[in-house]
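Everything on this sheet refers to the single structure shown next.
In what follows, chains carry the letters A, B, and so on, assigned in the order in which the sequence lines appear, proteins first and then strands, with residues in each chain numbered from 1.
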Amino acid sequence: MKYWLFKSEPSEFSIEDLAALPDHTTAWTGVRNYQSRNLLRDQVRTDDELFFYHSSTDLKGLAGVCRIVRAAYPDPSALDKASPYFDPKSTPENPVWVAVDVELIRQFEAVVPLALLKQTKGLEKMMVCQQGSRLSIQPVTAREWRVALKLARG
DNA sequence: GCCAACGTTGGC
DNA sequence: GCCAACGTTGGC
């Protein structure tokens with residue numbers, strides 16, 4: 001089993017939004033970066049776990065934990081002309097972009113701030129802690145996962 | 001809110 | 001295939 005960090009801007013879709021859904025499950029769509037796409041398509045598997053990360057907000061950080069409940073499939077938003085994520089390069093025969101389904105396991109009582117992650121021993125090499133870390137889908141090592149989870153418990 | 005860094009696109 | 005222009009994201 002692998003661990004991941006998925007970024008979402010809370011103004012677009014927050015962990016509160018996910019928690020408000022009756023089944024606590026959503027399709028993770030709209031990834032439009034090839035490096036992130038490749039990870040989603042080739043490495044993210046059912047039952048992998050991920051940190052739901054709030055980006056581009058005053059309270060940047062880890063908001064909770066989710067589980068992959070469906071591995072990569074063609075991203076429907078890329079095929080939907082009405083969607084802001086529509087991409088004419090993507091067709092049903094040749095879907096360029098993929099989505100996965102994620103289920104909320106736990107929302108942290110408080111967001112674990114990025115600044116705290118950066119100060120924490122053992123997380124120096126965590127991708128999200130690196131300067132200018134822009135990937136929206138990031139791998140997390142098992143060790144980083146354990147260390148970061150401890151921070152969430154306070 | 002501005003600017004720098006980075007990835008992507010388009011023109012040649 | 002290169003490179004300039006552009007859009008997006010992150011850092012301050």
Check: Think A:K7 has a side-chain N or O under 4.0 angstrom from the OP1 or OP2 of C:dT8?
Finding: no
Check: Should A:S56 be listed as having a side-chain N or O under 4.0 Å from OP1 or OP2 of C:dG10?
Finding: yes
In whole angstroms, how far is the [atom2] atom of [N] from the [atom1] atom of [X]?
X	N	atom1	atom2	value
A:R32	C:dT9	CZ	P	12 Å
A:K60	C:dG11	NZ	C1'	7 Å
A:Q130	C:dT9	CD	C1'	16 Å
A:N33	B:dA5	CG	C1'	14 Å
A:Q131	B:dC3	CD	P	18 Å
A:K89	B:dT9	NZ	C1'	9 Å
A:Q35	B:dA5	CD	C1'	15 Å
A:L117	C:dG11	CG	P	12 Å

Check: Minimum heavy-atom separation for A:S55 to A:P10, with atom names?
Finding: O-CD, 3.2 Å
Check: What are the two closest non-hydrogen atoms of A:W97 and A:S90, and how far apart are they?
Finding: N-OG, 4.0 Å
Margin query: Keeping A:D48 on the side-chain end and A:K2 on the backbone end, is there a donor-acceptor pair under 3.5 Å?
Written below: yes
Item checked: Backbone of A:G122 reached by a side-chain donor or acceptor of A:E124 within 3.5 Å -> yes
Notebook entry, point to check: Counting any heavy atom closer than 4.0 Å, what does A:S136 reach on the DNA or RNA strands: base, sugar-phosphate only, or nothing?
Noted result: nothing
